[in-house]
Amino acid sequence: MDTKFINEIERYGADGFKACFDCGTCTAVCNLSEPGHSFPRYFVRLAKTGQKDEILRSRELWLCYACGDCSENCPRNADPAELIAALRRYTIASYEPTGLTKLIFKNNPLYILITLVLAVIFAMVLLSFRPESGVSRWLFQYVDYQTIHYGGILLALLLILSIIYGFVRSIKNYAADGKAKFWETLKQTLVEIGVFKRYQSCDIYDDSYWYNKPWFVKPWFLHFSIFWGFVLLFVATGMDYLFKDPNVDVWWPTRILGTLGGLLLMYGSTLIVAYRLVKPTKIYQSTKMADWIFLAFIWLTGFTGFWLEVAIFAHNHSILTHVILFAHIICAAEMFLLFAFSKFAHALYRPIALYNYFKTKS
Ligand code: SF4
Ligand code: SF4
């Protein structure tokens with residue numbers, strides 16, 4: 001137990017939870033809470049008593065989809081959903097050994113500068129693997145190729161080591177006993193990741209703001225859209241690297257996949273930005289700097305990607321196209337950085353937590 005933990009977790013963005021008087025309404029309204037996996041009240045108790053080890057070992061933290069039903073119904077305005085978000089930030093920061101994530105989540109403005117400089121370096125490193133391309137020739141007139149290429153590879157290795165460290169710690173911490181078969185559990189996990197079935201079971205009560213809204217504007221679908229946008233873009237980038245895109249035809253299969261991925265990514269991120277601005281429910285009322293940066297880079301990656309599509313279609317090889325391509329690569333590099341150092345890391349920890357959750361259920 002650590003009585004100072006309350007102050008620490010406040011710096012990660014949770015402040016209302018001290019008002020909790022243990023009524024249990026939040027657990028009652030949460031559709032994902034169940035015996036043996038009871039939250040969010042459980043987390044209020046852990047946070048108040050400062051049980052840090054228990055928090056770091058808790059896979060339930062990643063089972064919540066941040067729908068906000070619990071906060072909407074809390075009679076004390078204790079905002080348990082925000083507490084869960086803060087505990088996740090704390091966990092991501094604790095699993096990341098460089099200390100950069102602590103800066104990010106404690107809203108230190110230095111973080112924008114540091115991650116942006118790193119993203120620019122990584123973008124140049126990526127370009128250094130294709131020195132014959134137009135944008136590389138343009139860029140390496142101004143910066144030293146060798147320094148960027150080898151220095152950047154070293155930085156990337158450090159980053160990858162940091163991701164591996166978090167990955168190994170989470171596997172160790174979230175491991176569960178169970179007799180379930182590996183493939184069956186893996187299948188359940190992949191289905192959940194792919195279709196967000198549990199997330200779809202949130203917001204189903206008739207007093208929910210989303211109850212009568214069409215499926216394509218519901219929060220679960222926006223997350224689904226961003227997830228598949230990333231998957232398709234990842235596949236398209238891999239295919240582009242393997243099969244060498246002729247770089248002229250927008251109907252090339254790799255480009256069609258990329259365009260579809262970009263559309264999904266922009267659709268989901270645009271609506272989430274709109275919700276964070278309009279604040280239709282409590283969960284959208286407080287947006288941290290790290291959340292804005294994360295959303296901004298997702299959106300910019302999509303926007304610059306489409307700009308390049310149009311430029312290719314119009315056979316436009318002007319200096320502006322080179323600059324936009326460079327900006328697009330910086331955004332992609334920032335995404336790579338954010339994977340370890342931001343809420344994006346949930347893409348790593350949630351599948352591990354889900355796998356172990358299904359293992360205990362079978
Ligand atoms: S509903 Fe609010 S006051 Fe009641 S247990 Fe949950 S967080 Fe505490
Ligand atoms: S945010 Fe939604 S899923 Fe998460 S604990 Fe609250 S009600 Fe449950």
Side-chain angles (χ1 to χ4, degrees), residues 5-6 9-10 12-51 54-55 58-92 174 189 192-193 195-211 213 215 218-224 226-227 272 275-276 279-288 291 343 345-347 349-351 353-354 356-358 361:
F5 185 71
I6 288 187
I9 204 64
E10 275 181 343
Y12 284 88
D15 44 19
F17 72 99
K18 285 183 287 187
C20 166
F21 61 4
D22 267 328
C23 66
T25 308
C26 51
T27 299
V29 297
C30 175
N31 263 345
L32 304 183
S33 189
E34 54 193 86
H37 302 282
S38 131
F39 53 89
R41 189 172 62 147
Y42 167 64
F43 288 115
V44 180
R45 214 164 38 233
L46 291 186
K48 277 182 167 178
T49 48
Q51 297 186 59
E54 194 59 32
I55 289 165
S58 177
R59 50 182 175 269
E60 286 76 22
L61 207 52
W62 305 99
L63 301 183
C64 156
Y65 276 108
C67 71
D69 279 357
C70 51
S71 292
E72 291 288 342
N73 288 283
C74 172
R76 295 281 291 170
N77 220 10
D79 207 348
E82 187 53 48
L83 172 66
I84 291 187
L87 292 174
R88 283 183 186 172
R89 292 181 198 118
Y90 170 77
T91 304
I92 294 170
Y174 299 150
T189 309
E192 174 58 28
I193 293 169
V195 301
F196 293 78
K197 206 168 152 203
R198 284 164 54 82
Y199 199 171
Q200 289 186 49
S201 74
C202 298
D203 302 315
I204 53 165
Y205 298 118
D206 57 6
D207 60 348
S208 161
Y209 174 83
W210 302 105
Y211 180 65
K213 304 284 185 290
W215 57 270
K218 288 191 177 185
W220 78 263
F221 184 73
L222 304 187
H223 285 83
F224 173 94
I226 290 179
F227 170 76
I272 290 181
Y275 292 171
R276 291 204 175 265
K279 308 181 190 341
T281 62
K282 201 168 177 47
I283 197 80
Y284 294 109
Q285 275 170 16
S286 110
T287 304
K288 302 285 175 287
D291 296 330
K343 69 189 283 184
H346 79 263
Y349 301 133
R350 177 171 286 146
L354 274 172
N356 286 292
Y357 164 73
F358 286 125
K361 295 288 285 176

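Both ligands and their constituent atoms are indexed starting at 1 by order of listing. Residues take their numbers from the sequence shown, with the count starting at 1. For the numbers below, each heavy atom of this structure counts, side chains included, while hydrogens, waters and symmetry mates do not. Here the structure is a predicted model, which means the values were calculated and not measured.
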Fill in: Test log, rule side chain to side chain contact (heavy atoms under 4.5 Å, CB included), inputs H223 and I272
CA-CA 9 Å; H223 285 83; I272 290 181; 4.0 Å; yes

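Here the heavy atom of the protein found nearest to atom 4 (Fe) of ligand 2 is C64 SG, 2.4 Å. The single protein non-hydrogen atom nearest to atom 8 (Fe) of ligand 2 is C30 SG, 2.3 Å, given as residue, atom name and distance. Considering only non-hydrogen protein atoms, atom 6 (Fe) of ligand 1 sits nearest to C26 SG, 2.3 Å. What sits closest to atom 2 (Fe) of ligand 1 on the protein, heavy atoms only, is C74 SG, 2.3 Å. Among protein heavy atoms, the minimum distance from atom 5 (S) of ligand 1 is reached at G24 N, 3.2 Å.
With 2.8 Å as the limit, C70 counts as an N, O or S neighbour of atom 6 (Fe) of ligand 2. Backbone or side-chain N, O or S atoms of C23 reach atom 4 (Fe) of ligand 1 at under 2.8 Å.
Taking each heavy atom of I283 and A66 in turn, the nearest pair found is CG1-O, 3.5 Å.
A perpendicular orientation is assigned to the rings of F196 and F227, their planes being inclined by more than 60° (bins at 30° and 60°). Taking the six-membered ring where the residue is Trp, F43 and F39 present tilted rings, their angle falling between 30° and 60°.
At a 4.0 Å heavy-atom cut-off, ligand 2 touches A66 through the backbone alone.
Near L32, meaning under 4.0 Å from one of its heavy atoms, ligand 2 places the atoms 3 (S). Contact atoms of ligand 2 toward G68: 1 (S), 2 (Fe) (distance under 4.0 Å to a heavy atom of the residue). Below 4.0 Å from some heavy atom of Y65 lie the following atoms of ligand 2, by number and element: 3 (S). Of all the atoms in ligand 2, the ones that sit under 4.0 Å from a non-hydrogen atom of F39 are 5 (S). The atoms of ligand 2 that sit less than 4.0 Å from any heavy atom of I84 are 5 (S).
Using a 4.0 Å cut-off between charged nitrogen and carboxylate oxygen, R89 and E82 count as a salt-bridge pair.
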